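Quick caveat, the model's predicted, so the values are computed rather than measured. If you read the sequence from its start, that first residue is 1, and numbering goes on from there.
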Amino acid sequence: SNNSAVPGSPGQYTTIAAGIAAAGNGDTILIQGSPNSYNESPQVNKALTIIGAGVNPQTWPGYGTTINGTFNFGNATFPPATTNSSNSRLMGLSSIGINCNSGVTISNILISRCYFDRETYFSGAFNGVTIENCVIGYNNCCNVLCPNGASNMIIRNNIFNGTSRFAIQSQNDASPTVIIRNNLFLCANQGLSNLHTCIFENNVFYVTNGGHPLSNVTSSTFNHNLAYYCDTLTKGNNNTGSGNINTQTNPYQNNWDCYI
């Protein structure tokens, strides 16, 4: 904790970097909520579970854990460089991004109940990443979440609400293996770009300005998705699927006695 105003604080370590440096492989780090942002971009080079207080905790004193920085997953570079960030967990953290700078394959990463407000980038050195129950709202670049050739990704139960051009994008056309399920896309222009052989299930796309939820999405399967006030899903490009509702303008019309 970096908050000296709460009884029992500051914590054992006042910076995230110091806590990571002191932790052993497989340890858990608790980052207490604070009125002060941590303003760090931590390097994670070992298997760690990092838990924050959440984005908007309702219990006393009600402070979230605001990182205001990017977590960099990678491997130890100093001898003996035998550890990496595989099997790490991030939970309950606010104002974060993710970056990969690993020289080895990183696997089995879980990111849950976090708020993203900056670019999140996974390279081809990642295998097995789950992002769930997060709010992802990066506004200043061409993508919010960028799986750049990463494999075996699961993106589920998230809200994408940024004003950036793409919510999920693969930058190099090297298709990631991605399952995208039960997400809400509230995007200003386009939702998905350069994704191939992916599975999309039970998502809601609301793309303002009559935009296009898909751009160069090919050979993918779409089942039971809703496209609201935007272009059609699954058209062309060898996309298949069933049970989708396309170009819906009022999903509640004729289903209620009145609506506002």
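- Ile179 and Leu110 end up in different hydrophobic clusters when Ile, Leu, Val, Met, Phe, Trp and Tyr side chains are linked at under 4.5 Å.
- Between the side chain of Ser242 and the backbone N or O of His224, no donor-acceptor pair lies under 3.5 Å.
- Looking at every heavy atom in both residues, Ile155 comes nearest to Val178 through CD1-CG1, 3.9 Å.
- Judged by distance alone, the side chain of Thr120 and the main-chain N or O of Gly97 form no donor-acceptor pair under 3.5 Å.
- A donor-acceptor distance shorter than 3.5 angstrom exists from the side chain of Asn203 to the backbone of Asn183, with no hydrogens or angles considered.
- Side-chain contact of Ser95 with Asp117: a donor-acceptor pair under 3.5 Å is present, judged by distance alone.
- Thr15 contributes a side-chain N or O that, together with a main-chain N or O of Ala18, makes up a donor-acceptor pair within less than 3.5 Å.
- In terms of heavy atoms, Asn225 sits closest to Asn202 at OD1-N, 3.4 Å.
- When all heavy atoms are compared, the tightest approach of Glu40 to Ala17 is OE1-N, 3.0 Å.
- A pairwise comparison of heavy atoms in Ala23 and Ile29 identifies CB-CD1, 4.1 Å as the closest pair.
- Of all heavy-atom pairs spanning Gly241 and Asn244, the tightest one is C-ND2, 4.1 Å.
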Please assess Thr66 against Tyr38 for the test side-chain contact (heavy atoms from CB on, under 4.5 Å), listing each intermediate value before the final yes or no. CA-CA 6 Å; Thr66 302; Tyr38 284 86; 5.9 Å; no
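- A donor-acceptor distance shorter than 3.5 angstrom exists from the side chain of Asn72 to the backbone of Thr70, with no hydrogens or angles considered.
- Applying the salt bridge (charged side-chain N to carboxylate O under 4.0 Å, His left out) test to pairs two or more places apart or on separate chains, none has a residue in residues 12-36.
- Partners of Asn39 according to the side-chain hydrogen bond (donor to acceptor under 3.5 Å, both in side chains) rule, which considers only residues two or more places apart in sequence or in another chain, are Asn68.
- Between the side chain of Ser85 and the backbone N or O of Asn45, no donor-acceptor pair lies under 3.5 Å.
- Judged by distance alone, the side chain of Thr49 and the main-chain N or O of Thr28 form no donor-acceptor pair under 3.5 Å.
- Here the side chain of Thr65 pairs a donor or acceptor atom with the backbone of Ile31 at under 3.5 angstrom.
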Full working for side-chain contact (heavy atoms from CB on, under 4.5 Å) between Tyr13 and Ile20: CA-CA 10 Å; Tyr13 302 97; Ile20 290 175; over 6 Å; no
Derivation and outcome, side-chain contact (heavy atoms from CB on, under 4.5 Å), residues Ser88 and Phe73: CA-CA 9 Å; Ser88 288; Phe73 287 101; 3.9 Å; yes
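- At least one donor-acceptor pair closer than 3.5 Å links the side chain of Asn158 to the backbone N or O of Arg156.
- Of all non-hydrogen atoms in Thr218 and Asn239, the two that sit nearest each other are C-OD1, 3.2 Å.
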